[in-house]
Amino acid sequence: MSSDIDNIFDKAAKGKSLIKNDQALKIDYVPEKLPFREQEEKTLAQVLSTTFRSARPSNLFLFGEPGTGKTAVVRKVVEKLEKKAKELKTNVKVVNVNAKGASTAYKVLYEIAEYIGLNQEDKTKRVPFTGLSIGEATSRILQFIQKKELSVILVIDEIDSLVDKSGDDILYSFTRANQQMIEGGFIALIGISNSLDFKDKLDPRVRSSLSEEEMVFKPYTIDQLREILHERSKIAFNHGAISEGAVNLCSAMAGREHGDARKAITLLRVAAELAERENAVKVDEKHVRAAQEKIEKNAPYDVLKDAPTHMKLVVLAIAKTKDPYTGDVYDTYTSLCRHLEQEPLTQRRVTQMISRLDLLGIVATDVVSQGRYGRSQKIRIKIPLATVKEALKEDFASLID
DNA sequence: ACTCCACAGGAATAACCGGGCG
DNA sequence: CGCCCGGTTATTCCTGTGGAGT
């Protein structure tokens, strides 16, 4: 046991660990070179270059499946732009918001205010953490931009979740603001979206002004993924610390659905962590497989573990009901509630939770019509029962058999 | 061809919370 | 302090519907 520990220390001391640069395997790492995206980089840079002529660049709209390099391309180009802007001492501000991370529209506005320096600058017209109406916050931001004659590049990642949450009003006011701010500053919007049909959800006016310029990111092919991983492992790993087979397997696994580079790299990272932990000399296929398993198992476990009580009860009810349809599940759920002396929620709420669980990937639902016997949802649990038990045993030890 | 089950899932509304504002 | 604002959870009420049984 203690020799293991010694081993770890020895290895670390000798600098013999597998990983040379762990940053390079993080999801938000942007490498110097983005293979197969040179064209996109160029186009983006072209569009944004008008900033230096003090003109507003076209709004830009990027889509593509997750892990196709949208965010990476934008980050890279925008970083360079910022650097250049600093050299030239222009008033360019780049704002990066991830709409998914910021849980509400208001938080998005708050972050924008932080980034452009409004909140440091002006005490009476700042955008506080909460308390203002959306409209007031928006207009304070716009006024500040105009007053300071800022050139703002506003990057909104996962823009679809912003619109889902609070509609396109904000986007509308931003795009419209541009038409009014002929003098002074401007906002150029860069929207990034994973879903291709997102545009249909928008108000036509917003749609046309948001996508003055569009770019579609195609999924990577398996060969391309391999190349990407190859490049990345050169940065991340010490020489010989990763086998060819591991790289190939990662790319194959990540490419199975659609070429998702993020998934491929996460896979590689977790595999490397596992390999390090067991003191292996190099990362190979076995670790990749283990990593895959770990990733699949862990995500739902975490969600479930700190879900609200009734959500857990619903999951438990689904697990306990055999051949679960909504009605049966609701029955078991109410009896579970009685058992725990909890007031049961309405069926409406429970169906909402089930569709939420569907979204989270914990269950799968199918609307099935059984003719005479009505129309209902057939529910399947997508994660292993053991995981469910593990996640819920703290709360309902007595109910789990 | 018609009926009618057993729900799905939208809309309106209420209750509550956290947090700034005057 | 009470008030406003937006978010989230939950309820109530509702309209819509695929297809087995008749």
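Just so it is clear, the values below take in all heavy atoms, side chains as well, and ignore hydrogens, waters and symmetry mates. Proteins get letters first, then strands, A, B, ... in listed order; numbering begins at 1 in each.
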Taking atom [atom2] of [N] as reference, at what distance in whole Å does atom [atom1] of [X] sit?
| X | N | atom1 | atom2 | answer |
| --- | --- | --- | --- | --- |
| A:Arg375 | B:dG9 | CZ | C1' | 10 Å |
| A:Gln370 | B:dC7 | CD | P | 9 Å |
| A:Gln377 | B:dC7 | CD | P | 11 Å |
| A:Asp331 | B:dA6 | CG | P | 12 Å |
| A:Arg140 | B:dG20 | CZ | P | 13 Å |
| A:Leu109 | B:dG19 | CG | P | 18 Å |
| A:Lys378 | B:dC7 | NZ | C1' | 16 Å |
| A:Leu313 | C:dA10 | CG | P | 11 Å |

Margin query: For the residue pair A:Arg37 and A:Tyr220, would you count it as a cation-pi contact if the rule is NZ or CZ under 6.0 angstrom from the ring centre and within 45 degrees of the ring axis?
Written below: yes
Side chain [X], main chain [Y], donor-acceptor under 3.5 Å:
| X | Y | answer |
| --- | --- | --- |
| A:Asp260 | A:Arg262 | yes |
| A:Ser243 | A:Ala246 | yes |
| A:Arg75 | A:Asp28 | yes |
| A:Tyr333 | A:Leu345 | yes |

Notebook entry, point to check: So which of residues 336-364 of chain A are in contact with DNA chain B, with a heavy-atom cut-off of under 4.0 Å?
Noted result: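 DNA chain B contact set from residues 336-364 of chain A: A:Gln347, A:Arg348, A:Thr351.
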Next item on the list: Please name the residue in the list A:Arg289, A:Lys286, A:Glu244 that meets the side chain to side chain contact (heavy atoms under 4.5 Å, CB included) test with A:Leu249.
Entry: A:Arg289
Next item on the list: Please determine if a side-chain N or O atom of A:Ser369 lies less than 4.0 Å away from the OP1 or OP2 oxygen of C:dT17.
Entry: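 No.
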Note to self: If you only use heavy atoms from C-beta on, which nucleotide in B:dG9, B:dC7, B:dT3 is closest to the side chain of A:Arg372?
What the structure shows: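 Output: B:dT3.
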